[in-house]
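Structure record follows, encoded as structure tokens.
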Amino acid sequence: MRWDTPIRLLGGLHYLALTDGIDPWASPHDTLVEQRERLSRFVREQDVQTNEVGRCFGLLPAFLGLAHATGESLDLVELGPSAGLNLVFDHYGYRYANGEWGDPSSGVSLAHEERAPVPAELLARRVTVRRRRGIDLNPIDVSTADGVRTLTSFVWADQQARLEQLARAIAVARAHPPELIQGDYVELLPQVLADRDEGALTVVFQTASTQYLRRERYADLRAVLADAAREAPLGWISTQRHDEEAGEFHGYALEVALWPEREARVVARMGYHGEWLDYLA
Ligand SMILES: C[S@@+](CC[C@H](N)C(=O)[O-])C[C@H]1O[C@@H](n2cnc3c(N)ncnc32)[C@H](O)[C@@H]1O
């Protein structure tokens with residue numbers, strides 16, 4: 001059994017609730033028996049596609065650091081963006097202990113626990129995003145009802161605040177749709193990085209996606225990144241996989257690189273959904 005099978009199954013049950021209006025939680029056993037075929041197909045075919053905008057609370061300081069280091073605008077390439085809700089991070093509002101950032105009138109306003117605060121001078125910085133592209137095996141189109149249902153099915157039905165935030169983020173992404181490319185990012189990244197524009201720093205980033213790659217496939221991805229960094233400067237922001245992390249804690253270690261100048265190093269730790277942030281850099 002794959003490690004994410006239980007998440008797929010819970011997503012499938014929620015998907016049924018959203019499409020058929022049935023209440024799978026009233027009698028889970030009966031639902032599992034009666035809907036066995038549809039649920040089996042969902043578990044087999046549907047990747048986990050939780051698109052969690054709370055992670056932007058941890059990503060923002062990393063984007064600001066890279067934009068400041070180069071003094072340039074950014075061209076973003078997200079690996080495994082799902083619907084691309086984190087590709088429009090600059091259209092959200094943020095409240096940290098040491099300052100605010102972004103659009104205060106945005107429908108998405110993020111203010112999470114900070115275990116070590118993000119410095120005020122970092123939050124004073126601005127960033128211009130020139131281009132936003134994402135590569136996903138199965139990009140979700142939030143302009144369709146089924147796209148919205150699929151995304152929603154991976155937020156658990158009793159998590160009202162997250163469901164409401166997802167709906168608001170979908171509205172933002174509909175107003176500012178990112179470019180989503182369908183395919184395997186390990187395959188497609190070389191060609192996407194081949195047309196880098198010198199007027200901006202290209203930043204490849206990912207959250208909660210490389211953990212789904214087999215170890216050898218992840219090594220292939222790192223080799224693609226290393227090759228691209230030999231051609232031109234490249235930014236990298238990534239939640240580490242468990243086989244990379246030093247130390248045990250319940251959350252993600254966030255690494256940032258600015259190749260070839262700065263090797264990857266962990267700049268923060270954060271909750272799996274960005275619900276807390278421990279800024280280290
Ligand atoms: C759990 S979701 C995370 C979505 C988003 N990055 C976030 O943090 O909210 C993982 C995404 O990675 C995508 N994915 C996994 N492996 C991939 C691959 N090899 N190429 C492209 N997309 C991939 C899945 O389709 C899914 O949309």
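Just the heavy atoms: all of them, side chains too, but no hydrogens, waters or symmetry mates, feed the values below. First listed ligand is number 1; within each ligand, the first listed atom is number 1. Not measured: the values here are computed from a predicted model.
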Who's the nearest protein heavy-atom neighbour of atom 20 (N) of ligand 1, and how far? Y185 N, 3.0 Å
Measure from atom 9 (O) of ligand 1 to every heavy atom in Q46, E52, Q49 and give the option owning the shortest one. E52
So, are R115 and E113 salt-bridged, with charged N and O less than 4.0 Å apart? yes
Is there at least one pair of N or O atoms, one from N138 and one from ligand 1, spaced under 3.5 Å apart? no
Any atoms of ligand 1 less than 4.0 Å from a non-hydrogen atom of L213? List them with their elements. 19 (N)
Pick, from D184, L85, N86, the option with the minimum heavy-atom distance to atom 19 (N) of ligand 1. D184
Please determine whether any non-hydrogen atom of V186 lies less than 4.0 Å from an atom of ligand 1. no
Looking only at protein heavy atoms, which one is nearest to atom 12 (O) of ligand 1, and how far off is it? S209 OG, 2.9 Å
of all protein heavy atoms, closest to atom 11 (C) of ligand 1 is G80 O, 3.6 Å
Tell me whether P139 reaches ligand 1 (any heavy atom closer than 4.0 angstrom to a ligand atom). no
Taking E255 first and then R222, would you say they form a salt bridge - that is, a charged N and a carboxylate O separated by under 4.0 Å? yes
A student checking ligand 1 against G183 at a 4.0 Å heavy-atom cut-off should list atoms 20 (N), 21 (C)
Which residue holds the protein heavy atom closest to atom 24 (C) of ligand 1, what is that atom called, and what is the gap in Å? D136 OD1, 3.6 Å
